Amino acid sequence: MNMRLPDVVVQKPIYVTQPALPPLEEFIPYLQEIWDKKILTNGGPFHQQLEKALCDYLGVKHLALFSNGTLGLVTALQALRITGEVITTPYSFVATAHSLLWNGIKPVFVDVDPNTLNLDPAKIEAAITPQTTAIMPVHCYGHPCDTKAIQKIADNYNLRVIYDAAHAFGVKDEGGSVLRHGDLSVLSFHATKVFNTFEGGAIICPDAKTKLRIDQLKNFGFVDETTVVAPGINGKMSEINAAFGMLQLKHIDAALARRKEIDATYRELLKGVKGIRCLQDAGEAVANYSYFPILVDADYPLSRDDLYQKLKDNGIFARRYFYPLITDFPMYRGLPSAHRDNLPVATAASQKVMCLPIYPNLTINQASSIAQLIAVQ
């Protein structure tokens, strides 16, 4: 691709993301069906249809829908009866670690890989103690973790692996869906994600027995009308969210293709800009282009925060994902593993990273204008 930086002025605010919404008139028949049947929740027909459709689309065997991804993480830990300590990443959205605290589990943070910003397998073993029961990695920005190395460690130490796959919808490695790795993988269908159901999430389950337990846990622990077998929670997805998901699936391939075009535009226009590094993929066979992070190095004329402000002054609202680190927040920073000396790579990345706008309705001219503002000093 040979592209020239255009002279385009940003005329209205551009945010880091914008939810992909189908034409409203396409949703009306789904709503009419819900109104006619008067089933709003509790595993109604759209809920059942969406679970099957997502299994087919994602290439997985079993999937349990949730009202959001955070409740999916909380329930995944419950389903596997995780206790004690769990090794995880400081470089993520806070829900990753919050799900541990909600279960009375101590997070143990280890550093990330400098190339992918995913949990660094080389740092995991040193953090394992007799209290460690699981590893919770994140497929950051949708780029797959080193799943083979992580699984080998888990097998050696008899640990469970729960992947926070909030960013990884539709991502594949050489063997298929990245969601097949570990004991469980948890998706988010939040409005900011590549596939959204307004709010929503899902747990990818390895077998029908595990799905049954998860389905019970997300419905207060009920087995039948009068039997409760576990202290479950209300994590059910509503029929309106599930119906919207069915409609969204009709448009997801076009949305992902558009994201790929925007990703390519940024990479072409920023490749010669000194001090700006575009994060590379992690070898995935199929990417979803869910984020576009850049790292602002010391040889760029502006600091990361000054560039962030420059974009903001021009109506472009980028985001510093992930800054601060989870370990900088008060409920975590007192932990020994949260000390910055323990996390040099994650600390450096959080001080350099900035995610540029990327979403299906972003035009190529808008993406080019953003690149121009970064390139022109």
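Owing to the predicted nature of the structure, the values given are computational and were not obtained by experimental measurement.
- A donor-acceptor distance shorter than 3.5 angstrom exists from the side chain of Asn288 to the backbone of His167, with no hydrogens or angles considered.
- Following chains of ILVMFWY side-chain contacts shorter than 4.5 Å, one cannot reach Ile262 starting from Tyr321, and the two form parts of different hydrophobic clusters.
- Of the possible donor and acceptor atoms, none in the side chain of Tyr359 sits under 3.5 Å from a partner among the backbone N and O of Thr192.
- Taking hydrophobic clusters as Ile, Leu, Val, Met, Phe, Trp and Tyr residues chained together by side-chain heavy-atom distances below 4.5 Å, Ile162 shares a cluster with Ile233.
- Using modelled atom types and a 3.5 Å distance limit, the side chains of Tyr291 and His143 yield no donor-acceptor pair.
- Both Val353 and Phe329 belong to a single network of hydrophobic side chains, linked directly or stepwise wherever heavy atoms of I, L, V, M, F, W or Y lie under 4.5 Å apart.
- A 4.5 Å side-chain heavy-atom check between Leu249 and Leu54 finds at least one atom pair inside the cut-off.
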Exercise for the section: Walk me through it: do Asp263 and Arg259 pass the test salt bridge (charged side-chain N to carboxylate O under 4.0 Å, His left out)? Expected result: CA-CA 6 Å; Asp263 181 282; Arg259 286 176 172 274; over 6 Å; no
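- One hydrophobic cluster, built from ILVMFWY side chains closer than 4.5 Å, cannot hold both Leu256 and Ile364; they sit in different ones.
- Neither side chain, Asp306 nor Tyr300, offers a donor N or O lying under 3.5 Å from an acceptor on the other.
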Exercise for the section: Show the numbers, then the answer: is there a salt bridge (charged side-chain N to carboxylate O under 4.0 Å, His left out) between Asp183 and Arg160? Expected result: CA-CA 6 Å; Asp183 295 279; Arg160 298 290 200 135; 3.3 Å; yes
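- Between the side chains of Gln309 and Asp305, no donor-acceptor pair is found at a separation under 3.5 Å.
- Taking a 6.0 Å sphere around CG of Asp313, one finds it holds more than 12 heavy atoms contributed by other residues, nucleotides or ligands.
- Not a single donor-acceptor pair under 3.5 Å links the side chain of Asn234 to the backbone N or O of Phe220.
- Judged by distance alone, the side chain of Asn103 and the main-chain N or O of Thr83 form no donor-acceptor pair under 3.5 Å.
- Checked by atom type and distance alone, the side chain of His62 never pairs as donor or acceptor with a backbone atom of Asp207 at under 3.5 Å.
- Between the side chain of Gln366 and the backbone N or O of Thr363, at least one donor-acceptor pair lies under 3.5 Å.
- A chain of hydrophobic side-chain contacts below 4.5 Å, direct or via other Ile, Leu, Val, Met, Phe, Trp or Tyr residues, connects Leu373 to Leu362.
- If you check the side chains of Gln280 and Asn115, you find no donor sitting under 3.5 Å from an acceptor.
- A donor-acceptor pair is defined here as one N or O able to donate and one able to accept, closer than 3.5 Å; no such pair exists between the side chain of Asp173 and the backbone of Gly283.
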Handout entry: CA sep, side-chain torsions, deciding dist, call: Asp120, Val112, side chain to side chain contact (heavy atoms under 4.5 Å, CB included)
Key = CA-CA 5 Å; Asp120 187 346; Val112 297; 5.5 Å; no
Problem - salt bridge (charged side-chain N to carboxylate O under 4.0 Å, His left out) between Arg340 and Asp328, intermediate numbers included - result: CA-CA 9 Å; Arg340 287 192 169 195; Asp328 289 333; 3.3 Å; yes
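- Thr210 pairs in a side chain to side chain contact (heavy atoms under 4.5 Å, CB included) with only one of the listed residues (Ile204, Leu184, Asp215), which is Leu184.
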Exercise for the section: Take Thr133 and Val86, measure what side chain to side chain contact (heavy atoms under 4.5 Å, CB included) needs, and give me the verdict at the end. Expected result: CA-CA 6 Å; Thr133 58; Val86 170; 4.2 Å; yes
Exercise for the section: Show your working on side chain to side chain contact (heavy atoms under 4.5 Å, CB included) between Leu356 and Ile358 and close with a plain yes or no. Expected result: CA-CA 6 Å; Leu356 302 184; Ile358 185 168; over 6 Å; no
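- A donor-acceptor pair under 3.5 Å is formed between the side chain of Lys218 and the backbone N or O of Leu65.
- Residue Phe322 forms a side chain to side chain contact (heavy atoms under 4.5 Å, CB included) with just one option from Ser350, Pro90, Cys140, and that option is Cys140.
- In this pair, Tyr163 and His181 present their aromatic rings perpendicular. The plane angle is above 60°, beyond the 30 to 60° band.
- Taking the six-membered ring where tryptophan is involved, the planes of Phe244 and Phe198 are essentially parallel, since the angle between them stays under 30° and well short of 60°.
- Under a cut-off of 6.0 angstrom, the local environment of NZ in Lys236 is crowded, with over 12 non-hydrogen atoms contributed by other residues, nucleotides or ligands.
- For the atom pair NZ (Lys352) and CD1 (Ile294), the distance works out to 12.5 Å, reported to the nearest 0.5 Å.
- Remark: side-chain polar atoms of Ser99 are paired, donor with acceptor, to backbone N or O of Thr96 under 3.5 angstrom.
- Below 30°, between 30° and 60°, or above 60°: for Phe189 and Phe195 the angle between ring planes is above 60°, a perpendicular geometry.
- You'll find the ring centres of His139 and Phe169 outside the 6.0 Å limit.
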Exercise for the section: Take Ile34 and Leu40, measure what side chain to side chain contact (heavy atoms under 4.5 Å, CB included) needs, and give me the verdict at the end. Expected result: CA-CA 7 Å; Ile34 292 171; Leu40 304 183; 3.6 Å; yes
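- Taking 4.5 Å as the limit, some side-chain heavy atom of Ile153 sits within range of a side-chain heavy atom of Ile128.
- Listed for the Arg304 side chain is no donor-acceptor partner under 3.5 Å among the backbone atoms of Val296.
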